[in-house]
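Heads up: the structure comes next, in structure tokens.
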Amino acid sequence: MELYDQIFENNKKWVAKNKVSNNDFFAHLSEGQNPDILYIGCSDSRVTAEEMTGVKPGQMFVHRNIANLVPNNDNNSAAVIEYAIAHLKVQHVVVCGHYYCGGVKAAMQALDLGILNPWLRNIRDVYRLHKVELNGIKDETEKYNRLVELNVEEQCANIIKMAVWQKHFLQTGIPQVHGWVFDIHSGNLIDLNLNYHEKLKSIQEIYDLGTTL
Ligand SMILES: [Zn+2]
């Protein structure tokens, strides 16, 4: 059977399985959502947000795009972040990159990829910001991995630059911001342990939106 045809069969089994463990499973889901986490990850088919984290339906609000970006004037990610923080009141915002990311790889090459160019330029901007460190890494795989990590770090910084995050964080202490990397080679999820308090301090001079008032 083709994968496409199998999907509806899989769905029927999934419905039955969930009803066995809890007959009200779907009735409960239809009442609304109250997720603790906003997850922003890559669209890559190998990086399965819910499966690799073991979260259940209703626990994690998910946004995925090529190379897990939060670009300055991207209404799509901005709307997701605004809704998750201001309305769903998530406790944690996670940006999750992954090693062997095709988007990051493409941004490291001299390639014209049409409409992908402006999107991938966000990653080239990360490279430019960290050019000294990255050019100091001679091993290409190591450099590629490091750019994946720095890209996650800069996307977290982009969230910290947003008024909705500054306002809620400075008033309530949440949501916390986390940078993760999924290591496809081992399956492990790595917490980059970013210090977002320090990050806020370091960018506040320029990106302070006066939201403490
Ligand atoms: Zn990717």
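Since this is a predicted model, take the numbers as computed values, not measurements. Whatever order the structure lists them in is the order used to number ligands and atoms, beginning at 1.
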Worksheet entry | Modelled atom types, side-chain donor and acceptor of K161 and N158, under 3.5 Å | yes
Discussion item. If we count only N and O atoms by modelled type, under 3.5 Å, do the side chains of H130 and E154 hold a donor and an acceptor together?
Written reply: yes
Worksheet item: Honestly, is K105 close enough over Y144, meaning NZ or CZ under 6.0 Å from the six-membered ring centre and within 45° of the axis?
Response: yes
Discussion item. Classify the ring geometry of Y196 against H178: parallel below 30°, tilted from 30° to 60°, perpendicular beyond 60°.
Written reply: perpendicular
Worksheet item: Parallel under 30°, tilted from 30 to 60°, perpendicular over 60°: which one fits the rings of F8 and Y4?
Response: perpendicular
Worksheet, complete the sentence: Atoms of type N, O or S from the protein that sit nearer than 2.8 Å to the Zn ion (ligand 1) number exactly 3
Worksheet item: A84 and L38: which non-hydrogen atoms are nearest, and at how many Å?
Response: CB-CD2, 3.8 Å
